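A short write-up of the structure that comes next.
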Amino acid sequence: MPSEISSQTPEHSAFWSEYHLCTLTTLRPDGSPHVVPVGVTLDADKGVARVITRKSSKKVANIQASRPGEARVAVCQVDGGRWATLEGTAEVLTDATAVDDAVARYADRYGRTPAPDPERVVIEITIDRAMGLVNVVRPKTASTGA
């Protein structure tokens, strides 16, 4: 398990199990960032995060344009003052076992199973940096009884 994930608090991993829309940042061939909304699952034991997508997506093209093992990416999620970012190298997996596993993990986190898609692939991110601030107490608002 990468030290970056193992050194995070239990609250950090718990935050990645909550229902949140995330962003994935890949780099275009010219080096500029491409940021898109995605669903992300974290496998802290293996030190990887996964994103399911279509093989024809720009994010996949950006990863495949890099040399093997050099596609730098980041996933991030924000909830009020709480936030977490995972950085690492990405690869695109196409085998059915990896896709099925990623879809099952997505269904567990987001409470719905995506419709079958023969174009589906998995972006698997080997995490080498984890950061965030997840132990923030949410301020009370009028809608929460303050």
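For reference, positions follow the sequence shown, starting with 1. Keep in mind it's a predicted model, so treat the numbers as computed, not measured.
Although no hydrogens or angles enter the test, the distance criterion places a donor-acceptor pair under 3.5 Å between the side chain of Q77 and the main chain of F15. At distances below 3.5 Å, at least one donor-acceptor pair connects side-chain atoms of S57 with backbone N or O atoms of R54. Using modelled atom types, one side-chain atom of R109 and one backbone atom of W16 make a donor-acceptor pair closer than 3.5 Å. In this structure a side-chain-to-backbone donor-acceptor pair under 3.5 Å is present from Y110 to V40. Listed for the R82 side chain is no donor-acceptor partner under 3.5 Å among the backbone atoms of N135.
A single hydrophobic cluster is not seen to contain both L42 and I52; linkage of ILVMFWY side chains at heavy-atom distances under 4.5 Å, directly or through other members, places them apart. Grouping the Ile, Leu, Val, Met, Phe, Trp and Tyr side chains by contacts below 4.5 angstrom, directly or via other members, places V38 with L86. Linking ILVMFWY side-chain heavy atoms closer than 4.5 Å, directly or via other members, places V36 and L21 in two distinct hydrophobic clusters.
Between A49 and I127, the closest heavy-atom pair is N-CD1, 3.8 Å. Contact between P114 and V103 at its shortest, heavy atoms only, is CD-CG1, 3.9 Å. Shortest non-hydrogen contact noted between P33 and L27 is CA-CD2, 4.2 Å. Shown here for D43 and R50, the closest heavy-atom pair between the two residues is CB-NH1, 3.4 Å. Here the closest non-hydrogen pair linking G88 and D128 is CA-OD1, 3.7 Å. Summarising the geometry of C76 relative to T85, their closest heavy-atom pair is SG-OG1, 3.3 Å, with the distance given to 0.1 Å.
Atom CZ in R67 sits 14.5 Å away from atom OG1 in T89 (nearest 0.5 Å). Between the CZ atom in R28 and the CG atom in N62 there is a gap of 7.0 Å [rounded to 0.5 Å]. A distance of 6.0 Å separates CD in E124 from OG1 in T126, rounded to the nearest 0.5 Å. From K55, atom NZ reaches atom CG of L93 across 14.0 Å, with rounding to the nearest 0.5 Å. Here the straight-line distance linking atom CZ of R120 with atom CG of D100 works out to 9.5 Å at 0.5 Å rounding.
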Query raised in the report: What's the verdict on side-chain contact (heavy atoms from CB on, under 4.5 Å) for M131 and E87, showing C-alpha distance, side-chain angles and the deciding distance?
Result: CA-CA 9 Å; M131 63 193 105; E87 297 178 10; 3.0 Å; yes

Report task. Would you sort out whether T53 and I123 count as a side-chain contact (heavy atoms from CB on, under 4.5 Å), showing the intermediate values? Result -> CA-CA 7 Å; T53 189; I123 297 172; 3.9 Å; yes

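With V60 as reference, V121 is the one residue of V122, T26, V121, T94 to meet the side-chain contact (heavy atoms from CB on, under 4.5 Å) rule.
Inter-residue side-chain proximity for V73 and T25 is flagged as unmet; no heavy-atom pair is nearer than 4.5 Å.
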